[in-house]
Visitor: 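One structure, pasted below without further comment.
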Amino acid sequence: MAPVKVQKICCIGAGYVGGPTCAVIALNCPDIQVTIVDLNQARIDAWNSKDFKLPIYEPGLEDVVRKARGRNLFFSTDVDKAINEADLIFVSVNTPTKKSGVGAGFAADLNYVELATRRIASVATSSKIVVEKSTVPCRTAESMRTILEANSKPNCHFDILSNPEFLAEGTAINDLLKPDRVLIGSLQTPEGIDACTALADVYANWVPKERILTVGLWSSELSKLAANAMLAQRISSINALSAICEATGANIDEVANAIGFDSRIGPKFLKASVGFGGSCFQKDILNLVYLSESLHLPEVAAYWRQVVDMNEYQKRRFAKTVVDTLFKTITGKRIAVLGFAFKADTGDTRESAAITLIKDFVAEKALVQIYDPKVEHEQIWLDLAEAIPGTPIEAIKKQVTICASPVEAASKAEAVVIATEWKEFKEIKWEDIYATMDKPAFVFDGRLLLDAEKLRKIGFHVTTIGRGAA
Ligand code: NAD
């Protein structure tokens, strides 16, 4: 049997991955009809909104959606119809870390993947290529295949592919338009290889062929976990060095630059910070830890676990630096936290370092004044309610205010903490911030974003991650 020519794609999950990924496929493949479905009506309504108030913020996304929506790109809650019409289905649902039960805190919660897979099996009346887009533990495709085969109708055949997504939030559209690589894993059977070719042909509409890597299913699944683990490991490594810099007077920027000149190491992902966040790094490493433990490889599990532990340590270490510098108490003191998103150019707050910092400041009885240019206020309250369990939101609101500008956030504050590397924080008129603050006025740069010398000339006391006091 020759590879099918994909004509209709369904993507289950209209989130940070499913939405942008399939919008870019629709943009580059005008002959393919792409329908992105989700159970969340509000999310689909936002994707369909007349004024393009999309449910996620991502530079360049609106432009892509404007070009393709209504032409060959559709958003719907009619999951069954889209499944039935498609010849290729992406499963791009969330795979959070389990919060309770066996393996809690380590294992990926595959409930959404399983439900989506069962849905495909129960409604499909013709053969499909089913593509794991979600990040999943190694050999999840096997479970999906078992579910599909046990529940399918006669004459329905399912081929399973793994096609993990490597986009980074904040640069998703560029990453999708010019990917470093597209990875497709398949069973090495004639049917598996045909399915792989069918998906590769879709990407070949805009991705150079040499960047489309085809591998075995398990290698593909593991590669995604490994890539995120290696990226996070670099951050934890540079953060571990930042602690040594602070204690010795070495400068982490100089050290990172010196290391990065080595062509075997390279300069990327060597920026020290208050710690990594986002929905993926921690979750995927914990996944790898869980996988290693279930394979009876405790030393391997401990090795990767350390990357997450170092990240926690970095966040807590930074919060402690703030408290220690403010004369060892922040009770009743106002602290401006600039940035709530886990990184710049996204409104996503999942696992944001800002949440840990604010939680610690609240516990130390500070008054926290938050500003973020993109995060919805409601999201901030939801995150804080989750991070500070047992405290009614009204009580949290007595200590935390959300502000409309950096100057408002800094009003009467003793300290400004940079939690997210939004470019606009570099461009603030820091003299105005200084004027509105109590004195002495402190800045804690958790993102190595600001020109410390310039701030010192204004009058600020500046503490920067990874720079000794000297
Ligand atoms: P998300 O939470 O933003 O989106 C997932 C969507 O799936 C939600 O809108 C949810 O309502 C929907 N959904 C869940 N079950 C469904 C079902 N049965 N039918 C229809 N819709 C359903 O998640 P995300 O950030 O897009 O991540 C999706 C996957 O991609 C995860 O496995 C994640 O690890 C992986 N990933 C994420 C990123 C990232 O930067 N966010 C990058 C690479 C990979």
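Everything numeric in this text was worked out from a predicted model, so none of it was measured. In each ligand, atom 1 is the first atom listed, and ligand 1 is the first ligand listed.
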Visitor: Ignoring hydrogens, what is the shortest heavy-atom contact between Ile36 and Gly19? Give both atom names and the distance.
Guide: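 For Ile36 versus Gly19, the nearest heavy atoms are CD1-O, 3.7 Å.
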Visitor: Could you tell me whether the side chain of Asn228 and the main chain of Phe281 form a donor-acceptor pair under 3.5 Å?
Guide: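 Side chain of Asn228 to backbone of Phe281: no pair is present.
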Visitor: Given that the side chain starts at C-beta and the backbone is N, CA, C, O, which of these parts of Lys343 lies under 4.0 Å from ligand 1, counting heavy atoms, or is it both or neither?
Guide: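 Neither; no heavy atom under 4.0 Å.
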Visitor: Considering only non-hydrogen protein atoms, determine which one is nearest to atom 44 (C) of ligand 1 and report residue, atom name and distance to 0.1 Å.
Guide: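 The closest heavy atom on the protein side is Thr135 OG1, 3.5 Å.
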Visitor: Counting heavy atoms only, which of Asn111, Ile12, Val37 is nearest atom 19 (N) of ligand 1?
Guide: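 The option holding the nearest heavy atom is Ile12.
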Visitor: Which protein non-hydrogen atom lies closest to atom 17 (C) of ligand 1, naming both residue and atom, and how far is it?
Guide: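 Looking at atom 17 (C) of ligand 1, the protein heavy atom closest to it is Leu39 CD1, 3.5 Å.
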Visitor: For Arg119, is the nearest heavy atom under 4.0 Å from an atom of ligand 1?
Guide: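 Heavy atoms of Arg119 never come under 4.0 Å of ligand 1.
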Visitor: Nearest non-hydrogen atom to atom 14 (C) of ligand 1 belongs to which of Thr77, Thr21, Asn94?
Guide: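 The option holding the nearest heavy atom is Asn94.
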Visitor: Among Thr117, Val93, Asp348, which residue places a heavy atom closest to atom 16 (C) of ligand 1?
Guide: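 Checking each option, the heavy atom nearest atom 16 (C) of ligand 1 is found in Val93.
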Visitor: Donor-acceptor check, side chain of Lys5 to backbone of Ala198, threshold 3.5 angstrom: yes or no?
Guide: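 Answer holds: no.
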Visitor: Looking at non-hydrogen atoms alone, which of Asn40, Ile83, Asp38 comes nearest to atom 11 (O) of ligand 1?
Guide: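 Among Asn40, Ile83, Asp38, the closest heavy atom to atom 11 (O) of ligand 1 belongs to Asp38.
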Visitor: Can Arg66 be said to sit on top of Phe52's aromatic six-ring, NZ or CZ under 6.0 Å from centre and within 45° of the ring axis?
Guide: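 Here Arg66 passes the 6.0 Å and 45° test against Phe52.
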Visitor: Would a 4.5 Å heavy-atom cut-off, applied to side chains only, mark Ile120 and Phe158 as touching?
Guide: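 They are in side-chain contact.
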Visitor: Indicate, as side chain, backbone, both or neither, the part of Ala168 found under 4.0 angstrom from ligand 1 when only non-hydrogen atoms are considered.
Guide: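 For Ala168, there is no contact with ligand 1 at all, from either part.
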Visitor: With Glu132, which of Thr117, Val113, Thr140 fulfils side-chain contact (heavy atoms from CB on, under 4.5 Å)?
Guide: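 Exactly one candidate clears the test, Thr140.
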Visitor: Using a 4.0 Å heavy-atom cut-off, which part of Pro164 comes near ligand 1: side chain, backbone, both, or neither?
Guide: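 Pro164 to ligand 1: no contact under 4.0 Å from either part.
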